[in-house]
Chemist: 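The structure that follows is given in the form of structure tokens.
Side chains included, hydrogens not; waters and symmetry mates left out as well; all remaining heavy atoms used. Just so it is clear: chains get the letters A, B, ... in the order the sequence lines come, proteins before strands, and each one is counted from 1.
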There are 2 protein chains.
Amino acid sequence: MDDRSGSDALDGGGLLFLTDEQLLKGSEAMFFAYRGFTADPDRILADSGYGRAHHRAIHFIGRTPGTTVNNLLAILGVTKQSLNRVLRSLIEDGLVESRVGTKDKRERHLFLTDTGDALDRSLSDAQRARMRAAYSAAGPEAVQGFRKVLEAMMDPDMKRRFNRMREGEKR
Amino acid sequence: MDDRSGSDALDGGGLLFLTDEQLLKGSEAMFFAYRGFTADPDRILADSGYGRAHHRAIHFIGRTPGTTVNNLLAILGVTKQSLNRVLRSLIEDGLVESRVGTKDKRERHLFLTDTGDALDRSLSDAQRARMRAAYSAAGPEAVQGFRKVLEAMMDPDMKRRFNRMREGEKR
DNA sequence: TTGGAAAGTCAACATAGCTGACATAAAATC
DNA sequence: GATTTTATGTCAGCTATGTTGACTTTCCAA
């Protein structure tokens, strides 16, 4: 296989020579890659009768247990009404537990139940496997570049939020 | 700003030491970046009363004028009923033209009208600007890595299709 | 103490996926 | 020439996930 794919977007010295065509190809790569990225979780979710919105909720509740609905809204970037429908079904099905805040009783703190944690694990296992395979195929330097471009592509607010979330990452 | 973001996923020599946590952070980066990636086109589309489905159709018709419905179906990975609804509205609104095939009269060949081309330009300008900004911020080596990981993340079928589409890219 | 803001819920609607069934026309095959 | 396959389009109906608007409960501060 061609190991230099994408390298024609660069000159040897490191200066960027990107044609409009090449930039659009980057967009297409993003589109097709995102499809691959969601394919495995989508299959698992379909079996459980859930969709991507449920996946996102489960994922972020799993990573930050006790988070409030409002917090989740800011991360997911949807309306509270839309999120509420998703949360309601997850709570009804016993995957998520909602506890009224002790300090502020308006707030609901969200936790995964054991069942919810099991689905979370199954989904994140699949996603990790895909990421790991892609990283291995692309090589270590590629991973650094990948992360840099992704972060630069985020809206500034999201980038800030993302980097705040990343704090705990360093071993 | 921290220029080494993401570098903690690597040791100096280039071997991968990726924890489960770090792989999941890669997934989150993908999620947030995709949101940024679609944000500008989404705003433009909202003004015209269209959605992402219309964007995708316009994009690929613009890049491969004369493509058939079947071709588009394979690229977009949706059902013909779903695509048909989108195409019908684009044709009714005069953005896309559908011509009966000369050789095979069952086929419809799709083209952008001048109006369609104008919207396509406006959308791709926005998307290119975002890609260019991200590439500039991340640097040239990062762009190579970005493309490599994205390609490795695609499903094999899509990767093949994508690379076939890329042929014309090399000036 | 009261009035506004914040958190969450319920109702109703729109978009864009999906499946299934069916129609038409053209091409390919027997 | 008759039959089958292919390409496309359409109708009906379902689901997931967005939206806005109106409402309740709770908190806090003037």
Chemist: Rounded to whole Å, how long is the line connecting atom CG of A/Leu72 with atom P of C/dA6?
Modeler: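 In whole Å, C/dA6 P lies 19 Å from A/Leu72 CG.
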Chemist: Please report the distance, rounded to the nearest Å, between CG in B/Asp104 and C1' in D/dT8.
Modeler: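 Whole-Å distance recorded here is 10 Å.
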Chemist: Taking 4.0 angstrom as the limit, do A/Arg132 and B/Asp20 come out as a salt bridge?
Modeler: yes
Chemist: Of the options D/dC27, C/dC10, D/dC11, whose atoms approach the side-chain atoms of B/Arg88 most closely?
Modeler: D/dC11
Chemist: Could you tell me how far apart A/Asp47 (CG) and D/dA16 (C1') are, to the nearest whole angstrom?
Modeler: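 After rounding, the reported distance stands at 16 Å.
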Chemist: Under a 4.0 Å N-O cut-off, is there an ion pair linking B/Asp155 with A/Arg130?
Modeler: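 The answer is yes: the pair qualifies as a salt bridge.
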Chemist: With a 4.0 Å cut-off on heavy atoms, is A/Gly49 in touch with a base, just the backbone sugar-phosphate, or nothing at all?
Modeler: sugar-phosphate
Chemist: To the nearest Å, give me how far apart CD (B/Glu107) and C1' (D/dT5) are.
Modeler: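 Going from CD in B/Glu107 over to C1' in D/dT5 covers 14 Å.
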Chemist: Answer yes or no: side-chain N or O of B/Lys80 and base N or O of D/dT8 forming a donor-acceptor pair under 3.5 Å.
Modeler: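 Check passes, donor-acceptor contact within cut-off.
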Chemist: From the options C/dC22, C/dG17, D/dA22, select the nucleotide whose nearest atom is closest to the side chain of A/Gln81.
Modeler: D/dA22
Chemist: Can a side chain N or O of B/His54 be found less than 4.0 Å away from OP1 or OP2 on C/dT15?
Modeler: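 Answer is no, no contact under 4.0 Å.
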Chemist: Would you say the side chain of B/Met153 lies within less than 4.5 Å of the side chain of B/Met30, judging by non-hydrogen atoms?
Modeler: yes
Chemist: Rounded to whole angstrom units, what separation is found between the CD1 atom of A/Ile91 and the P atom of C/dC10?
Modeler: 10 Å
Chemist: Between A/Arg52 (side chain) and A/Asp42 (backbone), is there a donor-acceptor pair under 3.5 Å?
Modeler: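 No, A/Arg52 side chain to A/Asp42 backbone: no donor-acceptor pair under 3.5 Å.
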Chemist: Where each residue is assigned the nucleotide of DNA chain D containing its nearest heavy atom, which of A/Leu83 and B/Leu110 is assigned the position nearer the 5′ end?
Modeler: B/Leu110
Chemist: Taking the basic N atoms (NZ, or NE/NH1/NH2) and the acidic carboxylate oxygens, is any pair closer than 4.0 Å for A/Arg43 and A/Asp47?
Modeler: no
Chemist: Has B/Asn84 got a side-chain N or O lying under 4.0 Å from the OP1 or OP2 atom of D/dG9?
Modeler: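 Yes.
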Chemist: Side chain of B/Arg106: nearest nucleotide among C/dG8, D/dT8, C/dA27?
Modeler: C/dA27
Chemist: How many Å lie between OH on A/Tyr50 and P on D/dT17, as a whole number?
Modeler: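 From A/Tyr50 OH to D/dT17 P: 11 Å.
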Chemist: Look at the side-chain N and O atoms of A/Arg85 and state whether any lies under 4.0 Å from the OP1 or OP2 oxygen of D/dG18.
Modeler: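 For A/Arg85, the contact criterion (side-chain N or O under 4.0 Å from OP1 or OP2 of D/dG18) is not met.
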Chemist: Is the phosphate of D/dG18, meaning OP1 or OP2, less than 4.0 Å from a side-chain N or O of A/Thr79?
Modeler: no
Chemist: For A/Arg99 and C/dG8, give me the distance from atom CZ to atom C1', rounded to whole Å.
Modeler: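 After rounding, the reported distance stands at 18 Å.
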Chemist: OP1 or OP2 of D/dT8 versus the side-chain N and O atoms of B/Asn70: is any pair under 4.0 Å?
Modeler: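 Looking at the OP1 and OP2 atoms of D/dT8, one of them is under 4.0 Å from a side-chain N or O of B/Asn70.
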Chemist: Between B/Lys105 (NZ) and C/dA27 (P), how many Å, whole number?
Modeler: 6 Å
Chemist: Ignoring backbone atoms, test whether B/Arg108 places a side-chain nitrogen or oxygen under 4.0 Å from the OP1 or OP2 oxygen of C/dT24.
Modeler: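 For C/dT24, neither OP1 nor OP2 has a side-chain N or O of B/Arg108 closer than 4.0 Å.
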